[in-house]
Amino acid sequence: MPELPEVEVTRQSFAGRIENARIHTAWLGKPLRWPLGCQPAALAGRRVLGVRRRGKYLLLDLEPGLLLIHLGMSGSLAFSDRLPERGVHDHFELITDQGSLRLHDPRRFGAVVYAPDEAAPQARKLLDRLGTEPLSDQFEPLAFWRGLKQRRSAIKQVLLSGDLVVGVGNIYACEALFHAGIRPTTRAHRLSRVRAARLHQAIREVLARAVLQGGSTLRDFSSASGDAGHFQLEAAVYGRAGQACAVCATPISLLRQGQRSTYFCHSCQRN
DNA sequence: AGGGTGACCTGTCGGC
DNA sequence: TGCCGACAGGTCACCC
């Protein structure tokens, strides 16, 4: 479910409310992608100082410690002072004096990992390889283009790999490539500096717009406050195979790249 | 070392 | 109605 916009919207929806909360109880259900790395009971009594985001990870700064939360494909968080009874797909919960934070994740590709701090191996293992934050000033067109020049695989695969730029998943890779007029199969190293700059801009605009729209709700994503996203309603290509392109009316094409669906306009997007 | 593939897990949907 | 395969927002370990 969650790409950068969904993760950021989730963060914004509960960061302020959990700030300075004292953890009363931590509860762990079925195994997630990785083990927590500590006993849940060891988290009791700690404070939650705040919530940051790095790529698709949420970082809960504790006193002391750090919790890394990844939503995988089907995860979502809920934060409230009164949550309904736990369901079969609820697998982690932090009960605090300001409300409960609960992870719902049917496929369990998500994870909650404890690390003593950000420099600890448990955290570095997950964060070290991550590329640049696309909405930060660190993300520059020229550096992006230089990075692309070193990669021979299809541009969409490079975006999804997350080692050049983070947070771009299947939906927003398709959308950004459409807005930049670039065919998803184009080899990254063949993009000109001008087209790389166009893609750089498209990534920023698409992600920023999606955050404003509350993310994309395809099946059941909602923020930690329970609000659905609306960006899917303005997707130009994602999930629209066979429908007319809004720009040129050509039917949107569908192909598979690395076992993922790619949507694009054969006419608007060129090699 | 870059690049491609299978694996993880559950739910849903379309076709027969 | 029921069964079966394909597919779903991610990413890691493993091969060449």
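Numbered from 1 within each chain, the chains take letters A, B, ... in sequence-line order. Every heavy atom of this structure was used, including side-chain atoms; hydrogens, water molecules and symmetry mates were not.
For the pair A:H70 and C:dG10, the criterion of a side-chain N or O lying under 4.0 Å from OP1 or OP2 is not met. Between C:dT11 and A:R260, no contact under 4.0 Å exists linking OP1 or OP2 to a side-chain N or O. When the side-chain nitrogen and oxygen atoms of A:H89 are compared with OP1 and OP2 of B:dG11, one or more of them lie within a distance under 4.0 Å. Using a 4.0 Å cut-off, no side-chain N or O of A:S216 falls inside it from OP1 or OP2 of C:dG9. When the side-chain nitrogen and oxygen atoms of A:S74 are compared with OP1 and OP2 of B:dG11, none of them lie within a distance under 4.0 Å. In this model, the phosphate group of B:dG4 is not approached by any side-chain N or O of A:R151 to a distance below 4.0 Å at OP1 or OP2.
A salt bridge does not link A:K56 with A:E6: every distance from a Lys NZ or Arg NE/NH1/NH2 to an Asp or Glu carboxylate oxygen is 4.0 Å or more. One finds a salt bridge joining A:E93 and A:R86 here, because a Lys/Arg side-chain nitrogen approaches an Asp/Glu carboxylate oxygen to under 4.0 Å.
Within residues 176-193 of chain A, no residue has any heavy atom closer than 4.0 Å to DNA chain C. Residues from residues 107-114 of chain A lying near DNA chain C, meaning a heavy-atom separation below 4.0 Å, are A:R107, A:F109 in numerical order.
Applying the salt bridge (charged side-chain N to carboxylate O under 4.0 Å, His left out) criterion to A:R11, with sequence neighbours excluded, gives A:E8. The side-chain hydrogen bond (donor to acceptor under 3.5 Å, both in side chains) check on A:R151 picks up A:D163, with sequence neighbours excluded. Not counting sequence neighbours, A:R270 has no partner by the salt bridge (charged side-chain N to carboxylate O under 4.0 Å, His left out) test.
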N/O contacts under 3.5 Å, protein versus nucleotides 5-7 of chain B?
from: B:dG6; atom 1: OP2; to: A:Q259; atom 2: NE2; distance (Å): 3.3
from: B:dG6; atom 1: N7; to: A:Q259; atom 2: OE1; distance (Å): 3.4

Under 3.5 Å, which N/O atoms of the protein pair with N/O atoms of nucleotides 4-6 of chain C?
none

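Minimum heavy-atom separation, A:S223 to A:V9: CB-CG1, 3.9 Å. Taking each heavy atom of A:C268 and A:F178 in turn, the nearest pair found is CB-CE1, 4.1 Å.
Residues A:Q157 and A:R219 each lie close to DNA chain B; by heavy-atom proximity, the contact nearer the 5' end of the strand is made by A:Q157. Where A:W34 and A:G215 each meet DNA chain C at their nearest nucleotide, the meeting point lying more 5' is that of A:G215.
Here ring-ring contact (aromatic ring centres under 6.0 Å, His included) pairs that include residues 41-76 of chain A, with residues two or more places apart or in two chains, are A:Y57-A:H70. The ring-ring contact (aromatic ring centres under 6.0 Å, His included) analysis of residues 24-50 of chain A, with sequence neighbours excluded, yields no pairs. Pairs engaging residues 248-260 of chain A under the salt bridge (Lys or Arg N to Asp or Glu O under 4.0 Å) rule: none recorded [sequence neighbours left out]. Each salt bridge (Lys or Arg N to Asp or Glu O under 4.0 Å) pair with one or both residues in residues 109-127 of chain A, not counting sequence neighbours, appears once here: A:R52-A:E118, A:R124-A:D128.
Base-pairing analysis of DNA chain B finds the following stems of at least three consecutive Watson-Crick or G-U pairs, with both pairing distances under 3.5 Å: B:2-8 with C:10-16, B:10-16 with C:2-8.
In this structure, the side chain of A:R204 engages the main chain of A:F139 through a donor-acceptor pair within 3.5 Å.
Closest contact between the side chain of A:Y57 and the listed nucleotides C:dC12, C:dG10, C:dA8 involves C:dC12.
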